[in-house]
Amino acid sequence: MVHERTYIMVKPDGVERGLVGEIIKRFENKGFQLIALELKTPTRQLLEQHYADLSSKPFFGGLMNYMTSGPVVAMVWSGKGVVKSGRVLLGETNPLASLPGTIRGDFCIDVGRNLCHGSDSVENAEKEIALWFPHGVISHTRVMEKLIYE
């Protein structure tokens with residue numbers, strides 16, 4: 001079976017609030033496989049590449065200041081439909097529009113402090129993974145795959 005990969009990042013507010021374990025738990029409980037994880041203090045240059053599509057937005061400067069304010073947890077997850085399902089687990093970008101039971105719906109209020117980033121497409125996931133993990137990621141088949149997938 002071919003699995004998708006997605007990039008999930010716990011932003012500085014999620015790290016500072018001690019929610020990294022809870023976020024990992026929700027992805028693992030769903031059945032997705034964590035294949036890379038690193039605590040990083042991102043450079044402004046890395047973040048400008050990551051958020052290049054938002055560079056013309058009025059909030060971009062604030063976003064850069066916020067994202068360089070502390071460490072982030074960069075992760076790669078693997079699994080069937082992980083991009084779309086991962087975004088469902090995270091909830092809406094605006095936490096006030098997120099349903100209870102989602103990460104953002106349960107743990108945050110403001111869009112500017114929405115705890116995490118999740119890739120929005122398979123193509124963008126691969127770009128983000130290459131950007132944040134330039135040396136690649138380790139992939140292996142779990143013995144328990146038969147308990148998750150048909």
Side-chain angles (χ1 to χ4, degrees), residues 1-42 46-54 57 59 63-64 66-150:
M1 170 180 287
V2 177
H3 291 313
E4 289 177 2
R5 300 185 314 167
T6 195
Y7 175 71
I8 301 293
M9 175 174 46
V10 182
K11 296 177 181 179
D13 56 325
V15 174
E16 182 68 25
R17 291 177 58 196
L19 294 172
V20 174
E22 178 66 30
I23 293 166
I24 290 172
K25 176 183 171 186
R26 291 192 185 206
F27 277 80
E28 286 184 329
N29 282 350
K30 180 76 174 175
F32 295 128
Q33 181 182 14
L34 180 62
I35 59 173
L37 179 140
E38 186 175 349
L39 180 68
K40 301 179 126 177
T41 302
L46 176 63
L47 290 165
E48 285 172 351
Q49 287 179 281
H50 179 82
Y51 288 115
D53 61 320
L54 301 176
K57 302 288 185 184
F59 59 82
L63 175 63
M64 290 296 100
Y66 160 62
M67 291 299 297
T68 56
S69 70
V72 302
V73 174
M75 298 181 282
V76 180
W77 290 89
S78 175
K80 182 179 181 182
V82 71
V83 172
K84 183 176 179 182
S85 291
R87 289 185 62 85
V88 171
L89 286 170
L90 294 179
E92 299 296 323
T93 301
N94 180 350
L96 291 178
S98 295
L99 295 173
T102 65
I103 292 164
R104 291 174 178 147
D106 289 350
F107 297 111
C108 51
I109 298 169
D110 280 335
V111 70
R113 299 293 183 267
N114 67 359
L115 296 178
C116 26
H117 164 83
S119 300
D120 62 1
S121 69
V122 173
E123 296 76 25
N124 283 339
E126 291 303 324
K127 288 177 190 173
E128 292 170 349
I129 292 166
L131 180 65
W132 288 86
F133 293 92
H135 301 294
V137 300
I138 296 171
S139 186
H140 68 283
T141 302
R142 298 180 293 184
V143 174
M144 64 184 256
E145 290 292 297
K146 64 184 178 200
L147 301 174
I148 299 172
Y149 301 104
E150 295 182 287

Quiz item: Mind checking what makes side chain to side chain contact (heavy atoms under 4.5 Å, CB included) contact with L37, not counting sequence neighbours?
Solution: I24, L34, V73, M75
Practice problem: Indicate the atoms forming the closest heavy-atom contact of G31 with I148, along with that distance. | Solution: O-CD1, 3.5 Å
Quiz item: Do any N or O atoms from the side chain of S119 and from the backbone of Y7 form a donor-acceptor pair under 3.5 angstrom?
Solution: yes
Quiz item: Can you list the residues that meet the side chain to side chain contact (heavy atoms under 4.5 Å, CB included) rule with E92, with sequence neighbours excluded?
Solution: A97, S98
Quiz item: If you look only at pairs with a residue in residues 94-117, which of them pass as a salt bridge (charged side-chain N to carboxylate O under 4.0 Å, His left out), with sequence neighbours excluded?
Solution: R26-D106
Exercise. Kindly write out the residues that satisfy side chain to side chain contact (heavy atoms under 4.5 Å, CB included) with T41, not counting sequence neighbours, or none if the list is empty.
Key: P71
Exercise. Would you please name every residue forming a side-chain hydrogen bond (donor to acceptor under 3.5 Å, both in side chains) with Y66, sequence neighbours left out?
Key: D13
Practice problem: Measure up the Y51 and H117 rings against each other and bin them: parallel (under 30°), tilted (30 to 60°), perpendicular (over 60°). | Solution: perpendicular
Quiz item: Distance from L131 atom CG to L46 atom CG, nearest 0.5 Å?
Solution: 4.5 Å
Quiz item: Side chains of V10 and L115: closer than 4.5 Å at any heavy-atom pair?
Solution: no
Exercise. Write down the atom of F133, the atom of A36, and the distance for their closest heavy-atom approach.
Key: CE2-CB, 3.7 Å
Quiz item: Would a distance-only check, ignoring hydrogens and angles, find a side-chain to backbone donor-acceptor pair under 3.5 Å from R5 to A125?
Solution: no
Quiz item: Are more than 12 heavy atoms from other residues, nucleotides or ligands located less than 6.0 Å from atom CD1 of I109?
Solution: no
Quiz prompt | Pairs flagged by ring pair (Phe, Tyr, Trp, His ring centres under 6.0 Å) wherever residues 71-106 is involved - sequence neighbours left out | solution = F27-W77
Quiz item: Is it true that atom CD1 of I138 has more than 12 heavy atoms of other residues, nucleotides or ligands lying nearer than 6.0 Å?
Solution: no
Quiz item: How many angstroms lie between CG in L90 and OG1 in T6, if you round to the nearest 0.5 Å?
Solution: 8.5 Å
Quiz prompt | Over 12 non-hydrogen atoms of neighbours within 6.0 angstrom of NZ in K40 | solution = yes
Exercise. Can you measure from OG (S121) to CD (E4) and round to the nearest 0.5 angstrom?
Key: 9.5 Å
Self-check item: All salt bridge (Lys or Arg N to Asp or Glu O under 4.0 Å) counterparts of E28, not counting sequence neighbours
Solution: none
Quiz item: Quick check: does any side chain N or O of Q33 sit under 3.5 Å from a backbone N or O of S78, one acting as donor and the other as acceptor?
Solution: no
Self-check item: Value rounded to 0.5 Å, distance of NZ in K11 from CD1 in I23
Solution: 10.5 Å
Practice problem: Please determine which of M9, E38, Q49 meets the side chain to side chain contact (heavy atoms under 4.5 Å, CB included) test together with W132. | Solution: M9
Quiz prompt | Min side-chain heavy-atom separation L54-F59 under 4.5 Å | solution = yes
Self-check item: Test salt bridge (Lys or Arg N to Asp or Glu O under 4.0 Å) applied to R142 - qualifying residues, sequence neighbours left out
Solution: E145
Exercise. Going by the side chain to side chain contact (heavy atoms under 4.5 Å, CB included) test, name the single residue among T102, V111, I103 that passes it with P95.
Key: V111
Quiz item: To the nearest 0.5 Å, how far apart are CZ in R87 and CD1 in I8?
Solution: 8.5 Å
Quiz item: Just by distance, do the side chain of R17 and the backbone of F107 share a donor-acceptor pair under 3.5 Å?
Solution: yes
Exercise. Please report the shortest heavy-atom distance between V72 and M67, naming the atom on each side.
Key: CG1-CE, 4.0 Å
Quiz prompt | Close side-chain approach of L89 to F32, heavy-atom, < 4.5 Å | solution = yes
Exercise. Mind checking side chain to side chain contact (heavy atoms under 4.5 Å, CB included) for K127 and listing every partner two or more places apart, or none if nothing turns up?
Key: N124
Quiz item: Do any N or O atoms from the side chain of Y149 and from the backbone of K80 form a donor-acceptor pair under 3.5 angstrom?
Solution: yes
Exercise. Please name all residues satisfying salt bridge (Lys or Arg N to Asp or Glu O under 4.0 Å) with E16, sequence neighbours left out, ordered by chain then number.
Key: none
